[in-house]
Amino acid sequence: MIKLTPMLPKYLEQVMTLSIADEQLAYVGTIEEVLVNADDKVHPHLVLADEQVVGIFLIDTIYSDRYDFAPSECLGFRAFLIDIKYQGLGYGKAVIAQLKSYLNHQYQQNDMVYLTVNCKNPVAYQCYLNNGFADLGELFNGGAAGPQHIMLMKIDTE
Ligand SMILES: CC(C)(COP(=O)(O)OP(=O)(O)OC[C@H]1O[C@@H](n2cnc3c(N)ncnc32)[C@H](O)[C@@H]1OP(=O)(O)O)[C@@H](O)C(=O)NCCC(=O)NCCS
C-alpha cells in the first residue's frame, strides 16, 4: 500500500506541497521548517502511495547529541507528518508498522530508534504504541509545546 524511500530530488516538487492542519503545526511545523533541519546527519525519508508523496519523516543519526535520554548510536524519528488530505486513511500506522524493517535495512549499524510525542497528541501516540514503539514511561519536558512521551523501538531484528 505504501512505500518508504530516502528523499530523492525528483520528489521535491511534491514534497513542497505537503501540509498539515494549523492546530497540528505545534507538533512538527511546516514542511519548510521540517526540511531546514535536514542535512548530512538528519536524513529526510518519504512516504509514497502509488508514487504520490503523502508524507515525510526525518531520521536523526546524532539524536543522542540533542537528547540526554537517548543512548549513543540510537536513531531519532522526527518530524513525521502525513499530508492533511491523506490523514485518517491508515498511512500513518502503515509507516510505523514498516519502520523497523525499513530502518534495519537503511541503517544497519544502529539498533534502536527513539522519538518524542506530545502528550496532547493522542492520535500520533496511539499510532506509535499500536505499531511497534514502547513508551519508556518518562516524560521529556524540553519541547516548546509541552511535555512529551519518550518512545523507543528495537530495529536490529526482523
Ligand atoms: C499522526 C499522523 C502521522 C497519523 O497519520 P494518519 O495517516 O492520519 O493515521 P492513520 O490513518 O494511520 O490512523 C492511525 C490511528 O489514529 C486514528 N486516527 C486517525 N486520525 C484520527 C483523528 N482525527 N481522530 C482520532 N483518531 C484518529 C486512527 O483511527 C488510527 O487508529 P486505529 O489503529 O485504531 O485504526 C497524522 O495525523 C499527522 O501527520 N499529524 C500531524 C503531525 C503530527 O502530529 N505528527 C506526529 C509528531 S510526533
Side-chain angles (χ1 to χ4, degrees), residues 1-7 11-12 14-38 42-70 74-103 106-107 110 112-155:
M1 180 168 99
I2 57 143
K3 193 176 139 199
L4 305 182
T5 175
M7 168 87 175
Y11 293 119
L12 186 59
Q14 286 189 54
V15 169
M16 295 312 296
T17 69
L18 292 173
S19 68
I20 54 177
D22 287 349
E23 60 273 18
Q24 298 174 330
L25 287 171
Y27 306 133
V28 286
T30 63
I31 187 62
E32 289 82 3
E33 289 164 341
V34 170
L35 289 177
V36 98
N37 283 305
V42 180
H43 309 148
H45 293 265
L46 303 180
V47 185
L48 303 179
D50 297 329
E51 282 299 298
Q52 173 70 40
V53 177
V54 299
I56 189 168
F57 57 87
L58 300 177
I59 292 297
D60 188 339
T61 63
I62 52 167
Y63 198 66
S64 64
D65 287 3
R66 302 171 211 279
Y67 293 105
D68 286 346
F69 60 76
C74 81
L75 299 172
F77 182 78
R78 296 172 48 197
F80 178 38
L81 68 86
I82 297 291
D83 181 86
I84 185 73
K85 293 192 298 296
Y86 298 99
Q87 288 181 17
L89 301 176
Y91 292 138
K93 58 185 178 185
V95 171
I96 305 306
Q98 286 187 22
L99 195 64
K100 179 178 185 163
S101 158
Y102 180 70
L103 295 180
Q106 295 281 336
Y107 298 93
N110 300 94
M112 297 281 274
V113 59
Y114 275 68
L115 63 79
T116 65
V117 54
N118 197 286
C119 296
K120 290 178 282 191
N121 192 357
V123 171
Y125 175 75
Q126 288 300 332
C127 186
Y128 299 138
L129 194 65
N130 293 341
N131 295 286
F133 278 88
D135 188 336
L136 187 63
E138 292 170 22
L139 293 180
F140 172 68
N141 290 303
Q148 302 184 30
H149 301 286
I150 302 169
M151 307 187 82
L152 71 160
M153 179 169 66
K154 274 178 79 69
I155 57 168

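As the structure lists them, so they are numbered: ligands from 1, and atoms in each ligand from 1.
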Under 3.5 Å, is there a donor-acceptor pair between the side chain of Gln14 and the main chain of Tyr11?
-> no
Enumerate the atoms of ligand 1 whose separation from the nearest heavy atom of [X] is less than 4.0 angstrom.
X	value
Gly88	6 (P), 7 (O), 8 (O), 11 (O)
Val28	42 (C), 45 (N), 47 (C)
Leu81	39 (O)
Ala124	1 (C), 46 (C)
Tyr27	44 (O)

So is Tyr128 in contact with ligand 1, going by heavy-atom distances below 4.0 Å?
-> yes
Under-4.0 Å heavy-atom contact with ligand 1, by part of Leu89 that carries it = backbone
With heavy atoms and a 4.0 Å threshold, my read on which part of Lys93 contacts ligand 1 is both
Are any of the N/O atoms on [X], whether in the backbone or the side chain, positioned under 3.5 angstrom from an N/O atom of ligand 1?
X	value
Gly92	yes
Ile82	yes
Tyr86	no

Kindly assign one of parallel, tilted or perpendicular to the pair Phe57 and Phe80, based on the angle between their ring planes and the thresholds 30° and 60°.
-> perpendicular
Shortest protein contact, atom 23 (N) of ligand 1 (heavy atom only) | Val123 CG2, 4.5 Å
Could you tell me the residue and atom name of the protein heavy atom closest to atom 42 (C) of ligand 1, and the distance to it rounded to 0.1 Å?
-> Phe80 O, 3.7 Å
Output for pair (Leu136 CG, Tyr114 OH), nearest 0.5 Å, gives 6.0 Å
Counting only heavy atoms on the protein side, is anything nearer than 4.0 Å to atom 28 (C) of ligand 1?
-> no
Specify whether the nearest protein heavy atom to atom 25 (C) of ligand 1 is under 4.0 angstrom away.
-> yes
